[in-house]
Amino acid sequence: MELRILRYFVEAAREKSMTGAAHKLHVTQPTLSKQIKELEEELGQKLFIRGNYQIHLTPEGSILYKRALDILEMVDLTSAEFASMKEFNGGDIYIGCAESDGMTLIARAAGRLRYEYKNLHFHLYSGNAESVCERLDKGLLDFAVVVQNIDLSKYDFLDLPVKDTWGLIMRKDSPMVAKSEVALEKLTELPLIVSRQGATSEMPQWLQKNYARLNIVATYDLIFNASILVREGLGYALGFDKLVNTGLESILCFRPIVPAIVSPMRLIWRKDQQFSRAAELFLREVECTCNTPDGLTF
C-alpha cells in the first residue's frame with residue numbers, strides 16, 4: 001500500500017468525486033480511478049459506492065479513511081521533524097489541551113521560546129482527556145495538558161502549579177447570586193448545563209456518584225457556548241472558573257462550589273517518547289516557567 005495511493009484515496013473521499021479529486025491532485029480521472037480500483041483489489045474490499053453524481057465511502061472505506069488520515073499525519077510529522085534536524089531554527093510542536101485558564105502557563109512558555117526561535121510553531125488540539133490521550137498514544141501529539149486524575153502508568157508527566165476550581169456560571173440576576181458560594185448538595189436542585197465529556201469520567205467524584213440526581217438540561221463541548229445558554233436563562237453551567245467573562249460589564253458571574261472541588265493540571269507525554277529538538281526545548285521551557293516565582297511571570 002503506497003502513501004501516494006493513500007493520498008489519492010483520501011482526496012477522493014473528501015471530494016466525493018473522482019473528477020474533482022483528480023483535478024486537485026493534478027492527475028487524470030482515469031488514472032485516479034485505476035489507482036483506487038487497484039487499492040480495492042489489494043485490500044479485497046470495496047471502498048466506494050459510485051452514484052450518478054457523487055461517490056460515497058462504504059463502511060470498509062470509512063475505516064480505511066480514518067486510518068489513512070492517521071498514517072499520513074504521522075508521515076508528515078516525521079518528515080517535518082527530520083527536515084528540522086539539518087539546521088535547527090524552529091519546528092512544530094503539537095499539544096492536546098483541555099479548556100483551562102492554566103493554559104496561560106503553557107502560552108507563556110511558548111511565547112518565551114518563540115522569542116528565541118521565530119520559526120517555531122505551535123499546534124493545539126482541544127478535547128477531553130480520552131481524545132487527547134488517544135492522539136498522544138498514536139504519536140500525533142508531543143504533549144497533552146490534562147486537568148483530570150487519569151491513569152499515568154503509560155506516561156511521564158510534569159505537575160503544573162495550577163489548579164482549576166469548579167463552580168457554577170450564572171446570571172447576575174439569579175437567586176443564587178446572593179450567596180458567595182454554592183453548597184454541593186444544592187446542585188441537585190438546579191437546572192444544570194454540563195460538559196458532554198464532563199458528564200462521565202471527568203466529572204468530580206461526588207458528581208459522578210450523584211449523577212442520577214442531577215437535573216441536567218443541556219450539555220456542551222465549549223464553555224463559551226454554554227455561557228450563551230446561561231445568558232439566555234436556560235440554567236447554570238457547571239465548569240471551571242476564569243474561562244468566561246464575568247467582569248463588571250458582563251451579565252454573568254461565577255460562584256465556587258463548597259466544599260471546594262479542584263482539578264490538578266499536568267503536562268503528560270508517552271514514556272517511550274523520542275522528542276524532536278523543538279519538543280525537547282519546549283519541555284525545558286515549561287519546567288523553567290513552572291519554577292519562575294508565581295509560575296507566570298513573563
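Sequential numbering from 1 along the given sequence is applied to the chain's residues.
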- line: Value for OG (Ser126) from CE (Met103), rounded to nearest 0.5 Å, stands at 7.5 Å
- request: Give the minimum heavy-atom separation between Ser227 and Val244, together with the two atoms involved.
  value: CB-CG1, 3.8 Å
field: Beyond-backbone contact of Glu99 with Leu222, side-chain heavy atoms, under 4.5 angstrom
entry: yes
- request: Kindly say whether the aromatic ring centers of Tyr94 and Phe122 come within a distance under 6.0 Å.
  value: no
message: I'd like to know whether Lys34 forms a salt bridge (charged side-chain N to carboxylate O under 4.0 Å, His left out) with Glu38, so could you lay out the CA-CA distance, the side-chain angles of the two residues, the decisive distance to 0.1 Å, and finally the verdict.
response: CA-CA 6 Å; Lys34 180 174 181 293; Glu38 289 178 355; 2.6 Å; yes
Donor-acceptor contact below 3.5 Å, side chain Ser174 vs main chain Met170: no
message: Test side chain to side chain contact (heavy atoms under 4.5 Å, CB included) on Ile95 and His123; report intermediate values, then the result.
response: CA-CA 6 Å; Ile95 306 170; His123 308 276; over 6 Å; no
task: Could you walk me through whether Val182 and Val258 pass the side chain to side chain contact (heavy atoms under 4.5 Å, CB included) test, one step at a time?
output: CA-CA 6 Å; Val182 179; Val258 288; over 6 Å; no
message: Quick check: is Tyr125 connected to Phe224 through a chain of hydrophobic side chains (ILVMFWY, heavy atoms under 4.5 Å apart)?
response: no
task: Indicate the ring-plane relationship of Trp269 and Phe275, choosing parallel, tilted or perpendicular according to the 30° and 60° boundaries.
output: tilted
field: Gap separating the CG atom of Leu43 from the CZ atom of Phe9, nearest 0.5 angstrom
entry: 8.5 Å
query: Roughly how far apart are Leu229 CG and Ile223 CD1, rounded to 0.5 Å?
result: 9.5 Å
message: Salt bridge or not between Asp156 and Lys271? Use side-chain N to carboxylate O under 4.0 Å.
response: no
field: Distance-minimising heavy-atom pair for Arg255 and Glu181
entry: CD-N, 4.4 Å
- prompt: For Leu57 and Leu64, what are the C-alpha separation, side-chain angles and deciding distance, and is it a side chain to side chain contact (heavy atoms under 4.5 Å, CB included)?
  reply: CA-CA 9 Å; Leu57 289 169; Leu64 180 61; over 6 Å; no
query: Checking side chain to side chain contact (heavy atoms under 4.5 Å, CB included) for the pair Asp241/Ile169: CA distance, chi angles, key distance, verdict?
result: CA-CA 8 Å; Asp241 193 8; Ile169 300 163; over 6 Å; no
- prompt: salt bridge (charged side-chain N to carboxylate O under 4.0 Å, His left out) between Asp76 and Arg7: does it pass, once the steps are laid out?
  reply: CA-CA 12 Å; Asp76 292 340; Arg7 294 189 191 278; 2.9 Å; yes
field: Residue pair Leu281 / Leu113, side-chain heavy-atom distance below 4.5 Å
entry: yes
task: Report yes if some heavy atom in the side chain of Thr58 is under 4.5 Å from a heavy atom in the side chain of Phe48; otherwise report no.
output: no
- prompt: With a 4.5 Å limit on heavy-atom distance, are the side chains of Leu105 and Cys290 in contact?
  reply: yes
message: Rounded to the nearest 0.5 Å, what separates atom CE in Met18 from atom CD in Glu15?
response: 11.5 Å
query: Looking only at heavy atoms, which two atoms of Ala21 and Leu32 are closest? And how far apart?
result: CB-CD2, 3.6 Å
message: Below 30° counts as parallel, above 60° as perpendicular, anything between as tilted: where do the rings of Phe282 and Phe143 land?
response: tilted
message: So, using side-chain hydrogen bond (donor to acceptor under 3.5 Å, both in side chains) as the criterion, who are the partners of His121 when residues are at least two apart?
response: none
field: Trace of the salt bridge (charged side-chain N to carboxylate O under 4.0 Å, His left out) decision for Arg112 with Glu116
entry: CA-CA 7 Å; Arg112 287 177 171 178; Glu116 185 173 355; over 6 Å; no
message: What I'd like to find out is whether the side chain of Tyr236 reaches to under 4.5 Å of the side chain of Ile193, using heavy atoms alone.
response: no
- prompt: Is the count of non-hydrogen atoms from other residues, nucleotides or ligands lying under 6.0 Å from Lys24 atom NZ greater than 12?
  reply: no
field: Heavy-atom pair with the smallest gap, counting every atom of Leu6 and Ala68
entry: CD2-CB, 4.0 Å
task: Taking only Lys NZ, Arg NE, NH1 and NH2, and the carboxylate oxygens of Asp or Glu, determine whether Glu73 and Arg135 approach each other closer than 4.0 Å.
output: yes
Atom pair NZ/OG1 of Lys172 and Thr246 - distance to nearest 0.5 Å: 7.0 Å
- request: Using distance alone, with no hydrogens and no angle criterion, decide if Ser250 and Asn245 have a side-chain donor and acceptor under 3.5 Å apart.
  value: no
Least distance between heavy atoms, Ser263 atom then Val147 atom: CB-O, 3.0 Å
query: Considering only heavy atoms from C-beta outward, does the side chain of Val230 approach that of Ile228 to under 4.5 Å?
result: no
message: Less than 4.5 Å apart, side chain to side chain, heavy atoms only: is that true for Asn215 and Thr188?
response: no
task: Side-chain contact test, heavy atoms from C-beta onward, threshold under 4.5 Å: evaluate it for Leu267 versus Leu283 and give yes or no.
output: yes
query: When rounded to the nearest 0.5 angstrom, what distance separates CD1 in Ile5 from CD in Glu42?
result: 9.0 Å
- request: Report yes or no: does Asn291 contribute a side-chain atom to a donor-acceptor pair with the main-chain N or O of Glu287 at less than 3.5 Å?
  value: yes
message: Assigning hydrophobic clusters by single linkage (Ile, Leu, Val, Met, Phe, Trp, Tyr; side-chain heavy-atom cutoff under 4.5 Å), is Leu234 placed with Leu187?
response: yes
- request: Could you walk me through whether Lys37 and Glu40 pass the salt bridge (charged side-chain N to carboxylate O under 4.0 Å, His left out) test, one step at a time?
  value: CA-CA 5 Å; Lys37 182 179 180 182; Glu40 290 178 322; over 6 Å; no
- prompt: Do side-chain atoms of Thr289 reach the backbone of Glu285 as a donor and acceptor pair under 3.5 angstrom?
  reply: yes
- prompt: Does Tyr155 have Arg270 sitting over its ring (NZ/CZ under 6.0 Å from centre, angle to axis within 45°)?
  reply: no
- request: With sequence neighbours left out, write down each residue that passes side-chain hydrogen bond (donor to acceptor under 3.5 Å, both in side chains) with Arg114, or none if nothing qualifies.
  value: none
message: On a heavy-atom basis, which atom in Gly102 and which in Val162 lie closest, and how many Å separate them?
response: CA-CG1, 3.5 Å
- request: Give the cluster check for Val262 versus Val194: same hydrophobic cluster or not, with ILVMFWY residues linked at side-chain heavy-atom distances below 4.5 Å.
  value: no
message: If we count only N and O atoms by modelled type, under 3.5 Å, do the side chains of Ser276 and Glu280 hold a donor and an acceptor together?
response: no
- prompt: Any link between Leu168 and Val217 through a network of hydrophobic side chains (Ile, Leu, Val, Met, Phe, Trp, Tyr) touching at under 4.5 Å?
  reply: yes
query: Is there a path from Val177 to Leu238 through hydrophobic residues (I, L, V, M, F, W, Y) whose side chains come within less than 4.5 Å of each other?
result: yes
